Amino acid sequence: MKCIGPEHPWDDGPKTSVDPTMLYAGQFSKNDGSLVLAGGSNANEARLFDRESLDRCACVIYDLSREVNTVDFGNKGDKFAIGGSDGYVRMFAISGGIIEFAISGGIIA
């Protein structure tokens, strides 16, 4: 898993597949709806967008071994999680505009 930072348009960034990305999950942040988190297959990545900047991506989490099946925000909007077919749930923290990998859960049976 790798993450690249801000200022990436939706169609910019690492390309791990020539096939179009299939969107499997999407979520608006629960506190104010200012962030959008999306994930799917083919590229096997999740992208976090700030609605204020329209087409700019705040973060791309890529190089995952399998597709992203679910995404969700914490109720305060300062954390988000992604889960995929690799059996892991990965949690991230947002602090002062910086996104940090917080914890990775084990294989889900």
Side-chain angles (χ1 to χ4, degrees):
M1 178 195 70
K2 299 177 183 175
C3 183
I4 58 175
E7 302 305 318
H8 294 279
W10 171 259
D11 59 355
D12 194 13
K15 301 289 187 208
T16 57
S17 173
V18 294
D19 296 326
T21 299
M22 302 296 291
L23 181 64
Y24 285 0
Q27 178 78 42
F28 287 92
S29 56
K30 296 174 183 171
N31 59 338
D32 61 3
S34 64
L35 299 174
V36 178
L37 183 60
S41 70
N42 291 341
N44 298 341
E45 66 184 20
R47 290 182 181 232
L48 180 68
F49 296 91
D50 182 349
R51 293 179 65 204
E52 301 270 331
S53 62
L54 301 178
D55 66 343
R56 290 291 180 192
C57 184
C59 178
V60 180
I61 301 159
Y62 68 102
D63 207 17
L64 300 169
S65 63
R66 302 286 302 270
E67 70 270 8
V68 175
N69 298 108
T70 188
V71 297
D72 201 3
F73 280 97
N75 289 337
K76 294 181 183 177
D78 61 344
K79 294 180 179 66
F80 66 89
I82 63 171
S85 290
D86 61 359
Y88 285 89
V89 174
R90 295 169 175 91
M91 293 175 46
F92 297 83
I94 305 168
S95 177
I98 297 172
I99 300 164
E100 298 177 352
F101 182 60
I103 190 169
S104 180
I107 298 291
I108 300 170

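Atoms considered below: every heavy atom in the structure, side chains included; atoms not considered: hydrogens, waters and symmetry mates. Just so it is clear, the model here is predicted, and its values are computed rather than measured.
- Smallest separation of non-hydrogen atoms from Val71 and Gly39: CG1-N, 4.3 Å.
- Among residue pairs with one or both ends in residues 69-78, those qualifying as side-chain hydrogen bond (donor to acceptor under 3.5 Å, both in side chains) are Lys30-Asp72, Asn69-Ser85; sequence neighbours excluded.
- Closest of all the heavy-atom pairs between Tyr88 and Asp86 is N-OD1, 3.1 Å.
- Residues Ser29 and Ser34 approach most closely at OG-N, 3.2 Å, considering heavy atoms.
- Side-chain contact check for Ile94 versus Leu35: some heavy-atom pair is nearer than 4.5 Å.
- Looking at heavy atoms from C-beta onward, Leu48 lies out of side-chain contact with Val36 at the 4.5 angstrom threshold.
- In terms of heavy atoms, Asn42 sits closest to Met22 at ND2-CG, 3.8 Å.
- For residues 63-86, every residue pair satisfying the ring pair (Phe, Tyr, Trp, His ring centres under 6.0 Å) rule, not counting sequence neighbours, is listed here: Phe80-Phe92.
- Closest approach of Leu23 and Ala25 over heavy atoms only: CD1-O, 3.2 Å.
- Between Arg90 and Leu64, the closest side-chain pair of non-hydrogen atoms falls below 4.5 Å.
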